[in-house]
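The structure under discussion appears below in the form of structure tokens.
For ligands, and for the atoms within them, numbers begin at 1 and follow the listed sequence. Keep in mind it's a predicted model, so treat the numbers as computed, not measured.
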Amino acid sequence: MSRVAIVTGGTRGIGAAISLALKNSGYKVAANYAGNDEKAKAFHDATDIPVFKWDVSDYAACGEGIAKVEGELGPIEVLVNNAGITRDAMFHKMTPQQWHEVVNTNLTGLFNMTHQVWAGMRDRGFGRVVNISSINGQKGQMGQANYSAAKAGDLGFTKALAQEGAAKNITVNAICPGYIGTEMVLAVPEKVLNERIIPQIPVGRLGEPEEIARCVVFLASDDAGFITGSTLTANGGQFFV
Ligand code: CAA
């Protein structure tokens, strides 16, 4: 029987590549998205992966969405917490709204989703949770006090939950992508990207979404059963922990 996987923010960018890679590895995949109906429909039309709309920063909406996915596909065995946003600004210009939007999605979103699949994973004695953090949660990034704080929080969440899940055969791991060629990164001012960021990447290029997706497929697999609480960095050599 195919396992059921859900990918938040799973219709665009890194998330779309993860959804597709899991499907191609035999999972029944649900791709969640928050807002862009047009992109979600195009993704569904191209891949035949069912898409489900809700905002991961809303606890009640996550509960309703998860119930719908489980009703259609079956109990969720693999959760990929990928949904993330940026609201970059130098700290002296950052508004409380920019802070809260990023923390609510990129950190509280992990609580909202994981909390509502956790009991089922414990009862069934199997689960895989993969959290997509970021290089900028490891090293900090100017212009991203909100994002760096939330992504660093994701790593603490991963390590704490890994200890709780271990006895129930639930692994919880994080991946820290570096700069990947998605809309999020390409939204960075071109001059900053070309003159400040790419020169800091020893392999000399942005990463590809599929390079992160392959890491997720591995961490979700039975082969990775002894790996939990870990942080897998995939950043082209830009930063070593
Ligand atoms: N690395 C190095 N230097 C950076 C930088 C970065 N990532 N971002 C900004 N700077 C530098 C600029 O080059 C500039 O330096 P100079 O004055 O010497 O030219 C200085 O910081 C101020 O930048 P701006 O003139 O652009 O100032 P601003 O107030 O107009 O904008 C900003 C500030 C919104 C932070 C804008 O610079 C920006 O968007 N920077 C990119 C921040 C970033 O790296 N975001 C990552 C997004 S991708 C992502 O988050 C995915 C992931 O997980 C990796």
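- The residues K41 and D37 are annotated as not salt-bridged, no charged nitrogen and carboxylate oxygen being separated by less than 4.0 angstrom.
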Mind listing the side-chain donor-acceptor pairs of residues 79-89 below 3.5 Å, one per line with the distance, residues two or more places apart or on another chain?
residue	atom	partner	partner atom	Å
N81	ND2	T114	OG1	3.0
N81	ND2	N131	OD1	2.9
N82	ND2	T8	O	3.0
N82	ND2	G9	O	3.0
R87	NE	E101	OE1	2.6
D88	OD1	Q144	NE2	3.0

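- The two residues M113 and C62 come nearest to each other via the heavy atoms SD-SG, 3.6 Å.
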Exercise for review: Apply side chain to side chain contact (heavy atoms under 4.5 Å, CB included) to the pair I175 and V216, showing each step before the final yes or no.
Suggested key: CA-CA 8 Å; I175 298 172; V216 174; 3.5 Å; yes
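- The residue from T158, T171, N173 that alone fulfils the side chain to side chain donor-acceptor pair (under 3.5 Å) condition with S230 is N173.
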List, pair by pair, the atoms of ligand 1 and of the protein that are both N or O and lie under 3.5 Å apart, giving the separation rounded to 0.1 Å.
residue	atom	partner	partner atom	Å
ligand 1	7 (N)	Q141	NE2	2.8
ligand 1	13 (O)	R196	NE	3.4
ligand 1	15 (O)	R196	NH2	3.2
ligand 1	18 (O)	R196	NH2	2.6
ligand 1	29 (O)	K93	NZ	2.8
ligand 1	44 (O)	Y179	OH	2.9
ligand 1	45 (N)	D88	OD2	2.8
ligand 1	50 (O)	Q144	NE2	2.9
ligand 1	53 (O)	S134	OG	2.6
ligand 1	53 (O)	Y147	OH	2.6

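- Considering every non-hydrogen atom in both A162 and V172, the closest pair reads CB-O, 3.8 Å.
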